[in-house]
Engineer: 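Would you mind keeping the following structure in view while I ask a few things?
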Amino acid sequence: MKRNKSGNTQLQRSLLATALVSCMALTTPAFAQTATATLRGTVAGASAGTQVTATNVATGSSRTTQTTANGSYSLVGLPPGTYTVRSGGTEQTVTLSVASTSTLNLSADTGVAETPAEGPITDIGAVVVSAPLLKDVKTSEVGNTVSLRQIQQLPQATRNFLEFADTVPGMAFEMDAQGHTTLRGGATNSSSGNLYIDGVGQKSYVKSGGIAGQSDTQGNPFPQLAIGEYKVITSNYKAEYGQITGAAVTAATRSGTNDFEGEAFYRFTNERMREKTASEEAPGEEKSDSQTKEFGVAFGGPIIRDRMHFFLAYEGKENVVPRTVVPGSAAANWAQYLPSDVQALIGPVSQPFDEDLYFGKIDWDISDSDRVELSAQVRDETQVDSIGGQRAADHGRNFVNKDERSTLRWLHFSDIWTNELLATTEDSEYNPTPMGLGNGIIYKVVDQVRPDSEETLLETGPSSGFDAQSKAQKGWSIADNLTFSNLTWHGDHTIKVGVSYKSIELTSQDAGAINPQFSYNVTPDGVAATPFKVNFLAPFDVPGQTNTVVSDAKQYGFYIQDDWEVNEKLVLNIGIRWDYEKNPSYTDFVTSQDFVDALYADDPDLPGEQPWANRLLASGLDAADYISTGNNRKDFKDGWAPRFGFSYDLNADEQHVIHGGMGRSYDRNLFEQLSLEVSKAALSPVEVNFRDPATGLCYRPDNGRPCVDWDPVYLTGPDALTGLPVTTGSKELFMLRNDFKTPYSDQFSLGMSNQVGEWLTDVTLQHILSHDGLVFTLINRYPDGSFYQNGSQPWGEPVPGYANTILGSNGIETRNTQLLLSADKPYTKESGWGLSVAYTQSHARHNRSLNEAYAFDKPTIEEYPFIKSDAVPRHRLVAAGSIDGFWGITFGAKIVLETPEAKNNISCWGQSNPDGSTCTPVGFYVPATGKFLIGGDIWGYRTVDLQATKEFKFGDHVAMTARVNLLNAFNFKNYSSFNYDSFGSGGIYDPDISVNKYGDIRYVPRTLTFELGLKF
């Protein structure tokens, strides 16, 4: 949320002193349109052409502009940091934060202004200013800034700088049982967000996660040592932000200064310094080996004093995450019948993870009018994951994750305009593979009464071909951003215009034709001698289909933004953005003629009466809308996104500001999903049932899958399976609509920022409607066009010759209304403490579960009901702060409390729905698992993290720090695994949900970590 300036004279002096100390150690040059700061104001009594100069305290870099006829001035494109601002004989030192627009009013009187003390200063000597640490309060954006102080002094479980983003209302940073981390804003999934490093988007175009390289990983997107501060915007971003419908995070990196400075750290913990996880507390279980080892170094300084500087940073991780292999809960009692060597696979296991992060930057102020920056970043990760639960240690994935980027930026400044020319490259890879080659062995328990029902006991051996993937994006871009300042017409205008072009090669391989998975039934007599089924991926020769899809995409963007300061009270933010992407793999795709012929051939169940395609008419679908000829598709070009916002300063003193806005923002469709239309029929999943050699009967009843005699030759490799004649009709096909759209959100907000003494407060109501999310539904229908008959879906009624066909269209929607409250008492040296409190109340509904694009339980997405969202809890509270303690020790604490999140499920309770189905999509709250201090068991997630840091100085230039983190100090078990025991019966909905107290948890058990640091 927006923070106002401090409330008394002493606080102002403290904030300035703190900011000066921090920013003399580092500065944060950044991107002109989204990460840099704008300083504007007036020089009282000045005539047109009066010079105003801002000089960066740490680097010596200077910028100069001239006042207009009414005495106003504007300096845009300033790297966040501390500046001495001069005009005539007046001088004032202030601090500017990332992605901000701040006001500093000066007097033309001669003399040096004294540094403001704490208090609501309005006039000190010749300076009119509210606070030395200038805040961006006159903005319609909903968000807040995470300061360097918070990054350095709050306890932290990872070295991921995004972990602090949840101190902003509406945000959630989560860690799952495998150590994977995600950042999410509101009720959107993580893919809808975007991270901007020095203004350059790190968007993932192929894989989920929002940030390239941030899917299924314990890793960090960027070295924390290289981050100065960052801003989080949850909604109503300005027009320069694109490819986003969730939260925008814009971070400014560190730069070298006029002094050579460096720092290093080492952080460590292992299983001896933590409590057991929930799964390790199961009877007979022991702790798994675990380790967190993180280390890094940063160094920067001058190349040419006041002109050219360098900065280098490296961070590494060598982690081991504890996991436990346990039998499936519904089949656990059968584990005793497994062979002893298989039973030995049950128990504690570990997942290793290694990461190396590099960052380097050179900035060069060629003149007072030109600045050049060159930066590069590298991310290199290897890990083992997807083990634990029912997956044994040999059934996981080896995972390689790489991301390399470079940026060249040239900024040119004049009195009334600033131009930024930006060229970038990126090369990102996501490559999981099975840990071995061969047959996977899946132990299952088949229900003797309902043989079509089976429970997984244990998964062993090499994992399936679905774990053999290759996702990549590689390309370059060029962008130009032109900012006009000091424009006057019914007030002061700052107008930004930007254009961009990106050429990006997108690659997606969904799976590999390796490692068939054989399922064996387990009974009290032991494991069956032969499997009852096999699942594998088979290649098919289908015209136009290929296992690996490559698309040479082109992205175009344009925006114009006017920040119009109508008067000293009212500011209007008016903008519009347009994005367009050419994706040849979508527009040039040609649907297989064999499939088209099968679709429009006589319906085999109604020969001579209708083509098979007419089965879709009852659902309001036309098969022709999904058939591509290679020239009947066009890329979505209606991505116009208007944005409007306002702020109204009631007393023109930035103490009480009303703000609001509305706007539209477009994201993009993930290429890994779009590519399925081109790849899925080339390598389709196949399930084949086997007959029992003793009886000649199929183990499984007729379920629409082929059933053949068992032959041991099938164990010799995938080639033996693909030779089965029954697999010729098992092709799975995906079809996308010819008028496919881009997902977007409409955002509305209204709020008020206030300063109450030393506290900076904000209350905002935001309403976000997300539309046109990609969804896959089933083409199968019964001959009369119905989707349900006798309570059953038409799994045995595919297009003749094809196992199943999946239709891709737009239709997933989310409705989210949130009340966002924040209260911040900034840290000052005089008070010795600082605290921030963020509260979020959410009311969210959607028509499909979070991160779930498949919807096979209704004929179309339009028939899905809106249910409680599983993306956000009803209530979330985050409190974080630090305090200077005894013996020079700094203490920090962070508390996170959530009420239980809803879960989504397709549930049955004996009902009979009008569409013939007997099950219904529902959203329901799982049981709360504990209390906090007072009250009853109302919380679903609780953590209290603590840290203590002591600095030891050796002379004027060297200091060593020792730090202890106590994570989850009260060892709360934040359960994430639940048993759905029942949802009712006899047509009465009565959910009975219980906690799996030996299942996975979120976050970590109580853990002690030690850290040493060195600054020089």
Engineer: Please determine if Lys554 and Glu581 form a salt bridge, counting it only when a charged side-chain N lies under 4.0 Å from a carboxylate O.
Structural biologist: no
Engineer: Donor-acceptor check, side chain of Glu852 to backbone of Tyr854, threshold 3.5 angstrom: yes or no?
Structural biologist: yes
Engineer: Ignoring hydrogens, what is the shortest heavy-atom contact between Pro302 and Phe260? Give both atom names and the distance.
Structural biologist: O-CZ, 3.5 Å
Engineer: Partners of Ile303 by side-chain contact (heavy atoms from CB on, under 4.5 Å), sequence neighbours excluded?
Structural biologist: Met308, Phe310, Ile362
Engineer: Between the main-chain N or O of Asp385 and the side-chain N or O of Gln383, is there a donor-acceptor pair closer than 3.5 Å?
Structural biologist: no
Engineer: Quick test of your reading of the model: are Glu420 and Lys496 salt-bridged, counting only N-O distances below 4.0 Å?
Structural biologist: no
Engineer: Under a 4.0 Å N-O cut-off, is there an ion pair linking Arg307 with Asp365?
Structural biologist: no
Engineer: Centres of the Phe295 and Phe268 rings: under 6.0 Å?
Structural biologist: no
Engineer: Do the side chain of Lys207 and the main chain of Ala472 share a donor and acceptor less than 3.5 angstrom apart?
Structural biologist: no
Engineer: Strictly distance-based, threshold 3.5 Å: is any side-chain N or O of Glu355 a donor or acceptor partner for the main-chain N or O of Lys317?
Structural biologist: no
Engineer: Would Glu429 and Lys402 pass as an ion pair if we require N to O under 4.0 Å?
Structural biologist: no
Engineer: Judged by atom type as modelled, is there a donor-acceptor pair below 3.5 Å linking the side chain of Thr217 to the main-chain atoms of Gln214?
Structural biologist: no
Engineer: Using a strict threshold of under 4.0 Å (side-chain N to carboxylate O), is an ion pair present between Lys502 and Glu426?
Structural biologist: yes
Engineer: State whether the side chain of Asp176 and the backbone N or O of Gly179 hold a donor-acceptor pair below 3.5 Å, judged by distance alone.
Structural biologist: yes
Engineer: Has Arg184 got a side-chain atom pairing as donor or acceptor with Met171's backbone, closer than 3.5 angstrom?
Structural biologist: no
Engineer: Using modelled atom types and a 3.5 Å cut-off, is there a donor and acceptor pairing between side-chain atoms of Arg379 and backbone atoms of Gly213?
Structural biologist: yes
Engineer: State whether the side chain of Lys680 and the backbone N or O of Gln545 hold a donor-acceptor pair below 3.5 Å, judged by distance alone.
Structural biologist: no
Engineer: In terms of heavy-atom contacts, does CG of Asp638 have more than 12 from other residues, nucleotides or ligands at under 6.0 Å?
Structural biologist: yes
Engineer: Indicate, with yes or no, if the rings of Phe399 and Tyr430 have centres closer together than 6.0 Å.
Structural biologist: yes
Engineer: Identify the heavy atoms of Asn194 and Gly242 that sit nearest to each other, and give their distance.
Structural biologist: ND2-O, 3.7 Å
Engineer: Under the rule for side-chain contact (heavy atoms from CB on, under 4.5 Å), what residues qualify as partners of Ser551, not counting sequence neighbours?
Structural biologist: Asn583, Pro584, Ser585, Phe671
Engineer: Using 4.0 Å as the upper bound for N to carboxylate O, is an ion pair formed by Glu318 and Lys293?
Structural biologist: yes
Engineer: Backbone N or O of Thr253 within a donor-acceptor pair of the Asp198 side chain at under 3.5 Å?
Structural biologist: yes
Engineer: Could you tell me whether Glu315 and Arg159 have a side-chain N and a carboxylate O separated by less than 4.0 Å?
Structural biologist: yes
Engineer: Salt bridge between Asp579 and Arg577, side-chain N to carboxylate O under 4.0 Å?
Structural biologist: yes
Engineer: More than 12 heavy atoms of other residues, nucleotides or ligands under 6.0 Å from CH2 of Trp364: is that the case?
Structural biologist: no
Engineer: Phe161 vs Phe222 aromatic rings, parallel, tilted or perpendicular, using cut-offs 30° and 60°?
Structural biologist: perpendicular
Engineer: For the pair Tyr241 and Tyr196, name the ring-plane relationship: parallel under 30°, tilted 30 to 60°, perpendicular over 60°.
Structural biologist: perpendicular
Engineer: What about Phe734 and Phe776, are their ring centers closer than 6.0 Å?
Structural biologist: yes
Engineer: How about Asp363 and Ser255: does a side-chain donor come under 3.5 Å of a side-chain acceptor?
Structural biologist: yes
